Amino acid sequence: MKVSRRGVADLLLSLLFLYASFWIYELSNYAAFSIVGLSATISLAGALPSGVASVSSAGQQLMLVKPIQVGLSCGAAGSIYYVARRSGATISSLAAAVSLSVFAASFYWEFLSLVGPLPLALHEGVYALLTLGGLAVMLRADPRLKGLVW
């Protein structure tokens, strides 16, 4: 089996994007806090961001943070997906599609406190199903990705 340079580059870029997806999500969170006028800090765990924190009593502003965060992170992942797809980088396209699905499903996860007192395992199941559903939609829409998964 011959491996092309383009395939190796595609694989390396997909790994880089998967690492960067942690930063995209947390930087989107940081930007969302800044957009609504709240001060925030990013916590690090080695080379990965571990979260964003802000201290505020502005309740209505906080309701805007998560939709903005999800929008920014989905916009970034969607842009990377578009560029990877246009360049023919199928593995990178798949990595971006997975991240985009996770980011979109995170809208549910971020609002768990509004959903109600369901067991955590049920919430995790719903989150996983939303993520898989989003990915299934993207796989159906892009036949090149379907060949990588099925």
Side-chain angles (χ1 to χ4, degrees), residues 10-87 89-150:
D10 185 14
L11 177 63
L12 293 175
L13 283 173
S14 70
L15 294 173
L16 177 64
F17 174 68
L18 290 173
Y19 167 75
S21 67
F22 288 96
W23 282 99
I24 289 170
Y25 192 74
E26 294 303 337
L27 287 174
S28 296
N29 197 11
Y30 181 83
F33 276 105
S34 298
I35 288 170
V36 299
L38 300 174
S39 178
T41 58
I42 295 179
S43 301
L44 298 176
L48 292 173
S50 61
V52 173
S54 177
V55 177
S56 173
S57 60
Q60 290 193 337
Q61 287 173 312
L62 287 175
M63 291 301 292
L64 296 174
V65 170
K66 295 308 173 182
I68 292 170
Q69 175 193 8
V70 171
L72 290 173
S73 60
C74 286
S79 298
I80 292 170
Y81 169 76
Y82 178 78
V83 169
R85 186 171 186 262
R86 298 285 291 170
S87 68
T90 54
I91 299 170
S92 296
S93 297
L94 181 61
V98 167
S99 294
L100 182 56
S101 298
V102 169
F103 293 163
S106 72
F107 191 79
Y108 169 79
W109 193 259
E110 295 294 351
F111 284 100
L112 282 181
S113 62
L114 301 176
V115 175
L118 299 174
L120 181 60
L122 184 59
H123 284 304
E124 290 170 344
V126 169
Y127 179 71
L129 288 174
L130 288 171
T131 300
L132 290 173
L135 185 58
V137 167
M138 293 192 71
L139 291 174
R140 188 174 190 122
D142 189 346
R144 288 183 287 178
L145 295 181
K146 194 182 297 184
L148 287 175
V149 177
W150 309 120

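Small disclaimer: the values here were computed from a predicted structure and weren't measured.
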Original post:
More than 12 non-hydrogen atoms from neighbouring residues, nucleotides or ligands closer than 6.0 Å to CZ on Phe22, yes or no?
Top reply: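 Open: at most 12 neighbouring heavy atoms sit under 6.0 Å from CZ of Phe22.
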**OP:** Step through the shown structure and confirm whether more than 12 heavy atoms of other residues, nucleotides or ligands are within 6.0 Å of OH on Tyr82.
**Re:**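 Counting neighbours around OH of Tyr82, 12 or fewer heavy atoms of other residues, nucleotides or ligands fall under 6.0 Å, so no.
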Using 0.5 Å steps for rounding, measure from the [atom1] atom of [X] to the [atom2] atom of [Y].
{"X": "Ser43", "Y": "Glu26", "atom1": "OG", "atom2": "CD", "answer": "9.0 Å"}
{"X": "Ile24", "Y": "Asn29", "atom1": "CD1", "atom2": "CG", "answer": "13.5 Å"}
{"X": "Ile80", "Y": "Ser93", "atom1": "CD1", "atom2": "OG", "answer": "11.0 Å"}
{"X": "Leu135", "Y": "Leu94", "atom1": "CG", "atom2": "CG", "answer": "6.5 Å"}
{"X": "Thr131", "Y": "Leu100", "atom1": "OG1", "atom2": "CG", "answer": "10.5 Å"}
{"X": "Gln69", "Y": "Leu27", "atom1": "CD", "atom2": "CG", "answer": "10.5 Å"}

**OP:** Search all heavy atoms of Ile91 against all heavy atoms of Asp10 and return the closest pair with its distance.
**Re:**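 Heavy atoms only, the tightest pair is N-OD2, 2.9 Å.
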Original post:
Taking all non-hydrogen atoms of both residues, which atom of Pro49 and which atom of Leu44 are closest, and how far apart?
Top reply: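 Result for this residue pair: CA-CD2, 3.8 Å.
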Subject >> Check: Arg85 and Thr90 side chains under 4.5 Å, non-hydrogen atoms >> reply: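 Answer no - side chains too far apart.
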Original post:
Are any non-hydrogen side-chain atoms of Val98 and Tyr81 less than 4.5 angstrom apart?
Top reply: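 No, their side chains stay 4.5 Å or more apart.
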Original post:
Does Phe107 have any ring pair (Phe, Tyr, Trp, His ring centres under 6.0 Å) partners at least two apart in sequence or in another chain, and if so, which?
Top reply: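 Ring pair (Phe, Tyr, Trp, His ring centres under 6.0 Å) check on Phe107 returns Phe111.
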**OP:** Using ring pair (Phe, Tyr, Trp, His ring centres under 6.0 Å) as the criterion, list what pairs up with Phe33, not counting sequence neighbours.
**Re:**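 Partners of Phe33 under the ring pair (Phe, Tyr, Trp, His ring centres under 6.0 Å) test: none.
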Original post:
Using 30° and 60° as the class limits, which term best fits the ring planes of Phe103 and Tyr25: parallel, tilted or perpendicular?
Top reply: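 Parallel: the ring planes of Phe103 and Tyr25 meet at under 30°.
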**OP:** Go through the structure and list residues passing side chain to side chain contact (heavy atoms under 4.5 Å, CB included) with Leu72, not counting sequence neighbours.
**Re:**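 In terms of side chain to side chain contact (heavy atoms under 4.5 Å, CB included), with neighbours along the sequence ignored, Leu72 is linked to Ser28, Ala31, Ile35, Ile68.
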**OP:** Return yes if some donor-acceptor pair links the side-chain N/O of Ser99 with the main-chain N/O of Ala96 below 3.5 Å, else return no.
**Re:**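 Absent.
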